[in-house]
A.B. asks: 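My questions will all concern the structure given below.
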2 protein chains.
Amino acid sequence: MASRSTQILEAAARVIARRGVRGLRVEELAAEAGVSTGLIYYHFKDRTGILRHTLEFINDRAERYTTERDPEAEPLTAREELDEVLLLELQDTPEVRENSSAWGELRASAVFDPILREDLARATLVWVQEVAALLGQVQPMAPAATLAAAAERLTALLEGLSMRWLSGGLAIEHARALLREAVEVELTALRKP
Amino acid sequence: MASRSTQILEAAARVIARRGVRGLRVEELAAEAGVSTGLIYYHFKDRTGILRHTLEFINDRAERYTTERDPEAEPLTAREELDEVLLLELQDTPEVRENSSAWGELRASAVFDPILREDLARATLVWVQEVAALLGQVQPMAPAATLAAAAERLTALLEGLSMRWLSGGLAIEHARALLREAVEVELTALRKP
DNA sequence: GTCTATATTTCGATAGAC
DNA sequence: GTCTATCGAAATATAGAC
């Protein structure tokens, strides 16, 4: 199941999280994945190919740990699920750190690399819509456009906070508190415009 | 007045805006500035030196266009000034685009480059405090910690929106609208906790 | 599909003349 | 202070054997 490609992509996510997109050296990636550089070029044409596939991979993985839940556990209320979806991205665990920092890197790279833009825009849209849907469950009377705007703000804020956390200017607990308050503030605003 | 160093730094800001920090080649910078690579190394020790000084430069410049106002013009109310300080960073003019994209790049680079972290953290702090002070003028009854938190959220949101704008997923007008609403929402929350 | 070895390119950095 | 010329070190990418 863990095919060679997957193994390489997992390694790529680790390397990007550690060194950044700009710091990803094919040779280091090879070492991390325990394969040769030749094999990497065999599977992913060139450096850009590696990056593109890694974005996709990161993305799928984030979707998984964001969505999947223990089937035993009590079902969450919409409000709890909302907090969960957002706060899961602000945790100091290796996997989340990896995902967040790779995501930030890819976002930053997309500014200068049109090839990455499309995938990124699509992934962002899916995420915003998910959050908007949850906001709608908490505040069913709010108009769709208002919900969408709040979702865009919350997700953009999360990205901003995440960058500050990763670049060392903001403690993770403080970042989480700020995000929680933002959810509160936005929900209050949705209640009576 | 426009010394050689300044001329090089202006060119660096342009190159970073166009190619990113990771895309900044000393040779391209030399061409853009109309000088030799040797001269660049004479003025700024090494590549990291270029980056550090460019961050400082970008920073000063942003402070200027953020703070400076036509002395003829009517003085702004605190609320207007607040909108101005924030929205000035979301404009599709060459100078702002340059500044924003260089800022985003430097932020992203700082995740993997400890040398950049300190300068960045300091600059961020100054900015957050400025915004907090303005919020305090609009809502004088709000406690300092609450003001600080709102300022952190608004500036982090701005950074997030800015990245989405620059990476092509968000129209500038929409980004501005979202930010304006966020200011509104935060001010409302400050009014009665 | 995978590896080893190597060709090729790119880029940061320096030496030395002016 | 500034330029020209060049070195040397990565780093990307390919060729060819297995």
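Worth knowing before you read on, the calculation uses all heavy atoms, side chains too, and leaves out hydrogens, waters and symmetry mates.
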A.B. asks: Ion pair present between B:Glu159 and A:Arg164, side-chain N to carboxylate O less than 4.0 angstrom?
C.D. replies: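 A salt bridge is present here (some side-chain N lies under 4.0 Å from a carboxylate O).
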A.B. asks: Backbone N or O of B:Val138 within a donor-acceptor pair of the B:Arg79 side chain at under 3.5 Å?
C.D. replies: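 Checked: no pair found.
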A.B. asks: Between A:Tyr42 and C:dT2, is there a side-chain N or O to OP1/OP2 distance below 4.0 Å?
C.D. replies: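 Looking at the OP1 and OP2 atoms of C:dT2, neither is under 4.0 Å from any side-chain N or O of A:Tyr42.
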A.B. asks: Does A:Tyr41 have a side-chain nitrogen or oxygen under 4.0 Å from the phosphate oxygens OP1 or OP2 of D:dT14?
C.D. replies: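 So the side chain of A:Tyr41 is outside the cut-off, no N or O lying under 4.0 Å from OP1 or OP2 of D:dT14.
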A.B. asks: Can you tell me the distance, in whole Å, between the NZ atom of A:Lys45 and the C1' atom of D:dT14?
C.D. replies: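 After rounding, the gap between these two atoms is 12 Å.
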A.B. asks: With side chain to side chain contact (heavy atoms under 4.5 Å, CB included) as the test, would you mind laying out the steps for A:Ile8 and A:His53 before giving the verdict?
C.D. replies: CA-CA 10 Å; A:Ile8 295 170; A:His53 284 91; over 6 Å; no
A.B. asks: Would you say the side-chain atoms of B:Arg25 pair up with the backbone N or O of B:Arg22, donor to acceptor, closer than 3.5 Å?
C.D. replies: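 Such a contact is found between B:Arg25 side chain and B:Arg22 backbone.
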A.B. asks: Is it the case that the side chain of A:Ser167 and the backbone of A:Met163 share a donor-acceptor pair, with hydrogens and angles ignored and the cut-off at 3.5 Å?
C.D. replies: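 Yes: the side chain of A:Ser167 pairs with the backbone of A:Met163.
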A.B. asks: Are any of the side-chain nitrogens in B:Glu98 or B:Arg18 under 4.0 Å away from the carboxylate oxygens of its partner?
C.D. replies: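 Judged by the 4.0 Å cut-off on N to carboxylate O distance, B:Glu98 and B:Arg18 do not form a salt bridge.
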A.B. asks: May I have the distance from B:His43 (atom NE2) to D:dG1 (atom P), rounded to whole angstrom?
C.D. replies: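 So the two atoms are 6 Å apart, to the nearest Å.
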A.B. asks: Any donor-acceptor pair under 3.5 Å linking the side chain of B:Thr188 with the backbone of B:Glu184?
C.D. replies: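 Yes; at least one donor-acceptor contact below 3.5 Å.
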A.B. asks: Less than 4.0 angstrom from a charged side-chain N to a carboxylate O is my criterion; do B:Arg117 and B:Asp113 meet it?
C.D. replies: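 Looking at B:Asp113 together with B:Arg117, the answer is no, because their closest N to O distance does not fall below 4.0 Å.
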A.B. asks: Give, ordered by number, those residues of residues 22-33 of chain A having at least one heavy-atom distance below 4.0 Å to an atom of DNA chain C; if nothing qualifies, reply none.
C.D. replies: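 None, since no heavy atom is under 4.0 Å.
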A.B. asks: Output the rounded distance in Å from CZ (B:Arg47) to P (D:dA11).
C.D. replies: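 Atom CZ in B:Arg47 sits about 12 Å away from atom P in D:dA11.
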A.B. asks: Nucleotides 3-7 of chain C: which of its N/O atoms have a protein N/O under 3.5 Å away?
C.D. replies:
from, atom 1, to, atom 2, distance (Å)
C:dC3, OP2, A:Ser36, N, 3.0
C:dC3, OP2, A:Ser36, OG, 3.0

